[in-house]
Amino acid sequence: MKGRITPTQREVRVADDDLIVSKTDSTGRLTYVNRTFMRISNFAEHALLGQQHNIVRHPDMPRGVYRLMWETLKAEREFFGVIKNITADGDFYWVFANVTADHDRGGAVSGYFSVRRSVSPRAVAAVSELYAQMRQIEHKSGPATAPEASLAWLRRTLADQQTTYERLVLGLYTGWKEAAR
């Protein structure tokens, strides 16, 4: 993909029954995307396959969240997060993401599956405040230490609230789904 996408202020809504599915190799390069992913992101399959999954990373997303994701996956646990992505046109969409490792027959990690679903406006509001603070910390810290600095702040902030990022986002997601029934 040539150049960076210029973000707009237009939101693409992910429907409650949409499931955005992708698979990557062990380095994060896309090897599979479903039609829902292509429709919502407005990328053609050929523009996605072989690219790093972060092709849809919105610049509003703090790098510390992705540091947490990779730490979680390297610890052989699945990752849950509320994520803001960018479309090929610069629009954005929010999702509740679940990322898990895929293993080969020998048990080694061969890649990752990611399934994304719609997320409530309440969850977006809750994480948006945290993410804005994380981005400020990252800006002040500089590129070399930005992810670690913002992740450390996030962990301290959530520990003060006696929770973790995983518990926070799972609570926001399950609470919304239960209220919608």
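Worth knowing before you read on, the calculation uses all heavy atoms, side chains too, and leaves out hydrogens, waters and symmetry mates.
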Between Gln52 and Thr27, the two heavy atoms sitting closest are OE1-O, 3.1 Å

Following the transitive rule for hydrophobic clusters with a side-chain heavy-atom cut-off under 4.5 Å over Ile, Leu, Val, Met, Phe, Trp and Tyr, establish whether Phe113 and Val14 coincide in one cluster. no

Return yes if some donor-acceptor pair links the side-chain N/O of Ser110 with the main-chain N/O of Asp102 below 3.5 Å, else return no. yes

If we only count heavy atoms from C-beta on, is the Val119 to Val124 side-chain gap below 4.5 Å? yes

Looking at every non-hydrogen atom in both residues, tell me the closest pair between Ser120 and Leu172 and how far apart they are. OG-O, 4.5 Å

Report, as yes or no, whether the 6.0 Å neighbourhood of atom NE2 on His103 holds more than 12 heavy atoms from other residues, nucleotides or ligands. yes

One should read off an interatomic distance between Met61 CE and Glu138 CD, to the nearest 0.5 angstrom, of 9.5 Å

So how far is it from Gln161 CD to Thr157 OG1, rounded to the nearest 0.5 Å? 7.0 Å

Looking at residues at least two apart in the chain, or sitting in another chain, which of them share a side-chain hydrogen bond (donor to acceptor under 3.5 Å, both in side chains) with Ser41? none

Given Tyr173 and Arg117, is the side-chain contact (heavy atoms from CB on, under 4.5 Å) satisfied, shown in steps? CA-CA 10 Å; Tyr173 181 74; Arg117 299 166 173 84; 3.0 Å; yes

One thing to verify: whether Arg39 and Asp18 come together as a salt bridge, which I'm taking to mean a side-chain N less than 4.0 angstrom from a carboxylate O. yes

Report yes or no: do Leu158 and Val82 belong to one cluster of Ile/Leu/Val/Met/Phe/Trp/Tyr joined by side chain heavy-atom distances under 4.5 Å? yes

How many angstroms lie between CD in Glu71 and CZ in Arg77, if you round to the nearest 0.5 Å? 9.0 Å

With sequence neighbours excluded, residues passing ring pair (Phe, Tyr, Trp, His ring centres under 6.0 Å) with His58: none

Geometric class of the Tyr112/Trp70 ring pair [parallel <30°, tilted 30-60°, perpendicular >60°]: perpendicular

Would you say the side chain of Ser128 lies within less than 4.5 Å of the side chain of Trp94, judging by non-hydrogen atoms? yes

Report the distance from atom CD of Gln133 to atom OG of Ser150, rounding to the nearest 0.5 Å. 10.0 Å

Taking all non-hydrogen atoms of both residues, which atom of Ala15 and which atom of Ser118 are closest, and how far apart? O-CB, 3.6 Å

Around Glu129, counting heavy atoms of other residues, nucleotides and ligands shown, do more than 12 lie under 6.0 Å from its CD? no

Of Asn98, Val65, Val169, Thr100, the one forming a side chain to side chain contact (heavy atoms under 4.5 Å, CB included) with Phe79 is Val65

Side chains of Ser22 and Arg116: is there a donor and an acceptor less than 3.5 Å apart? yes

Begin from the C-alpha positions of Leu154 and Tyr131 and carry the test side-chain contact (heavy atoms from CB on, under 4.5 Å) through to its verdict. CA-CA 9 Å; Leu154 178 65; Tyr131 292 176; 5.8 Å; no

Can any side-chain N or O of Arg29 pair as donor or acceptor with the backbone N or O of Gly50 at less than 3.5 Å? yes

Output for pair (Arg155 CZ, Tyr165 OH), nearest 0.5 Å, gives 12.0 Å

Gly90 backbone acceptor or donor facing Thr8 side chain under 3.5 Å: yes

Among residues at least two apart in sequence or on other chains, which ones pass salt bridge (charged side-chain N to carboxylate O under 4.0 Å, His left out) with Glu78? none

Could you tell me whether the side chain of Thr163 and the main chain of Arg167 form a donor-acceptor pair under 3.5 Å? no

Between CE on residue Met134 and CZ on residue Arg63, distance to nearest 0.5 Å: 11.0 Å

Derivation of the side-chain contact (heavy atoms from CB on, under 4.5 Å) call for Tyr66 and Arg57: CA-CA 10 Å; Tyr66 294 103; Arg57 179 179 172 257; 3.3 Å; yes

With side chain to side chain contact (heavy atoms under 4.5 Å, CB included) as the test, pick out the partner of Val115 among Val99, Leu19, Asn34. Leu19

Ignoring hydrogens and geometry, is there a side-chain-to-backbone donor-acceptor pair from Asn85 to Val95 under 3.5 Å? no

Heavy-atom pair of closest approach, residues Val109 and Ser26: O-CB, 4.1 Å

Kindly say whether Thr87 contributes a backbone atom to a donor-acceptor pair with the side chain of Asn42 at under 3.5 angstrom? no

Does either side chain, that of Asp25 or that of Thr31, offer a donor lying less than 3.5 Å from an acceptor on the other one? no

Consider side chain to side chain contact (heavy atoms under 4.5 Å, CB included). Of Thr24, Leu48, Val56, Ile20, which one does Val33 pass it with? Leu48

Can you give me the closest heavy-atom contact between Ile5 and Ala88, atom names plus distance? CG2-O, 3.9 Å

When every non-hydrogen atom of Leu49 is compared with those of Tyr32, the smallest separation belongs to CD2-N, 3.6 Å

